[in-house]
Amino acid sequence: MKTLTIGKNDAGQRLDKFLQKRFPTMPKSMMYMYIRKKCVKRNGRKCDISDKLLVGDVLTFFIKDEFFDAKKEKSYEFMKAPAKLDIVYEDDNILLIDKKPGVIVHQDKSYHFDSLVARVQHYLYEKGEYDPETEKAFSPALVNRIDRNTGGIVIAAKNAESLRILNQKMKDRELEKLYLCLVRGTPKPKEATLSGYAVKNESKNKVTVLGHPANGAKEIRTRYRVLQSDGKSSLVEVELLTGRTHQIRAHMASIGHPLVGDSKYNSEKAPGDFRYQALYSYKLVFRFTSDAGILDYLNGREFTVDMKNIWFLRQSRMKALS
């Protein structure tokens, strides 16, 4: 026995049309026989070929395994990536994933197959919520990105409408993203909003922060709050008021408090057990100030990663937040 739950992208189809797409190697005559003999049930009950599927319907199958395996015979690039995700939240429209440091969000020249977006697509494919054969115009996509060596929450959209809405909300700054970082020393004052202008050196992939406007410079604003300090280092919560490349890393370094473990912006050698910069996107708050359509139910909701997953809290004297 196997089960499948109908998601938003498959809802509205007739049962027979869905089964033909899901089991392309199954002869139609056998499909009709399975339905007639109650080998296919909808929500535990007998179903008819003309039944319209609804979101949340659970289909139960008492059919040969070969028809399930047949779909997997097709090879897609995303299937080379792992399908396992550390999920903070999931519903019919979105996924919030806790990305681990070291994982890239999109493929690049050095990583030809493994990336977070590939993992998301593989995960949804295994769940039966994404089928490249039928979803010709849309692939599950990421709304935001974080650096390879930074961990934390990344938003994935399961359908085109959710992606469109969230892209606009990102642009309009209606998503509040909070980070935790471990910095050298103790920033003073303990709370402040930093302003500056960031200039990126493309060849070195490094940002310089200036105190004045300049050609090619982009304005940046970063709000921070010191949560704990032992004098040598401090646990700091940071909110991005603008979203620029390496903004937190470069801005904190510019005031003399670079991130521990950041080989690009911190000249001080990191402890031996720090493989990455101590930075984690740990909290996401949806603060919609305009209509969010099918995602309006998310307004005001707050999501936080499991503090046990923030590696530098374990490897420093700082304690996880209560």
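Note that the coordinates shown come from a computational prediction; the quantities given were computed from them, not determined experimentally.
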Would you check if [X] and [Y] make a side-chain contact, meaning some heavy-atom pair closer than 4.5 Å?
X: V143; Y: N167; value: yes
X: I153; Y: K283; value: no
X: Y280; Y: P101; value: yes
X: F288; Y: L175; value: yes
X: L259; Y: L182; value: no
X: S290; Y: K169; value: yes
X: I220; Y: V209; value: yes
X: V58; Y: L4; value: no

Would you say [X]'s side chain and [Y]'s backbone share a donor-acceptor pair under 3.5 angstrom?
X: K127; Y: G7; answer: no
X: D57; Y: L54; answer: yes
X: H257; Y: V183; answer: no
X: D147; Y: N149; answer: no
X: K264; Y: N205; answer: yes
X: Q247; Y: T242; answer: yes
X: D98; Y: V88; answer: no
X: S234; Y: V236; answer: no
X: K99; Y: V103; answer: yes
X: D172; Y: E174; answer: no

Walk me through whether R287 and N299 qualify under side-chain hydrogen bond (donor to acceptor under 3.5 Å, both in side chains). CA-CA 6 Å; R287 297 199 187 281; N299 196 19; over 6 Å; no
Under the criterion salt bridge (Lys or Arg N to Asp or Glu O under 4.0 Å), which of R148, K80, R119 is the partner of D114? R119
Please say which of R42, R14, K17 ends up in a salt bridge (Lys or Arg N to Asp or Glu O under 4.0 Å) with D51. R42
Once rounded to the nearest 0.5 Å, what's the spacing between atom [atom1] of [X] and atom [atom2] of [Y]?
X: L279; Y: I146; atom1: CG; atom2: CD1; answer: 8.0 Å
X: N144; Y: I155; atom1: CG; atom2: CD1; answer: 4.5 Å
X: T5; Y: E129; atom1: OG1; atom2: CD; answer: 8.0 Å
X: H122; Y: L85; atom1: NE2; atom2: CG; answer: 10.0 Å
X: L295; Y: S162; atom1: CG; atom2: OG; answer: 4.0 Å
X: N309; Y: T304; atom1: CG; atom2: OG1; answer: 12.5 Å

Minimum heavy-atom distance between I294 and N159, given as atom pair plus value: CD1-OD1, 4.0 Å
How close do Y32 and Q20 get, counting heavy atoms only, and between which atoms? OH-NE2, 4.4 Å
Could you tell me whether K206 sits above the aromatic face of Y265, with NZ or CZ closer than 6.0 angstrom to the six-membered ring centre and within 45 degrees of the axis? yes
For this output row, return yes or no: ring centroids of [X] and [Y] closer than 6.0 angstrom.
X: Y130; Y: F78; value: yes
X: F23; Y: F61; value: yes
X: F303; Y: Y89; value: yes

Are more than 12 heavy atoms, taken from residues, nucleotides or ligands other than K100, located less than 6.0 Å from that residue's NZ atom? yes
Please work out which of the three classes, parallel, tilted or perpendicular, describes the rings of W311 and F274, given edges at 30° and 60°. perpendicular
Parallel, tilted or perpendicular: which fits the ring planes of Y76 and Y125, with parallel below 30° and perpendicular above 60°? perpendicular
Which residues pass the side chain to side chain donor-acceptor pair (under 3.5 Å) test with T150, not counting sequence neighbours? Q277
Scan residues 27-41 for pairs that pass salt bridge (charged side-chain N to carboxylate O under 4.0 Å, His left out), counting only residues two or more places apart or in two chains. none
Salt bridge (charged side-chain N to carboxylate O under 4.0 Å, His left out) pairs touching residues 213-229, sequence neighbours excluded, are R223-E239, R225-E237
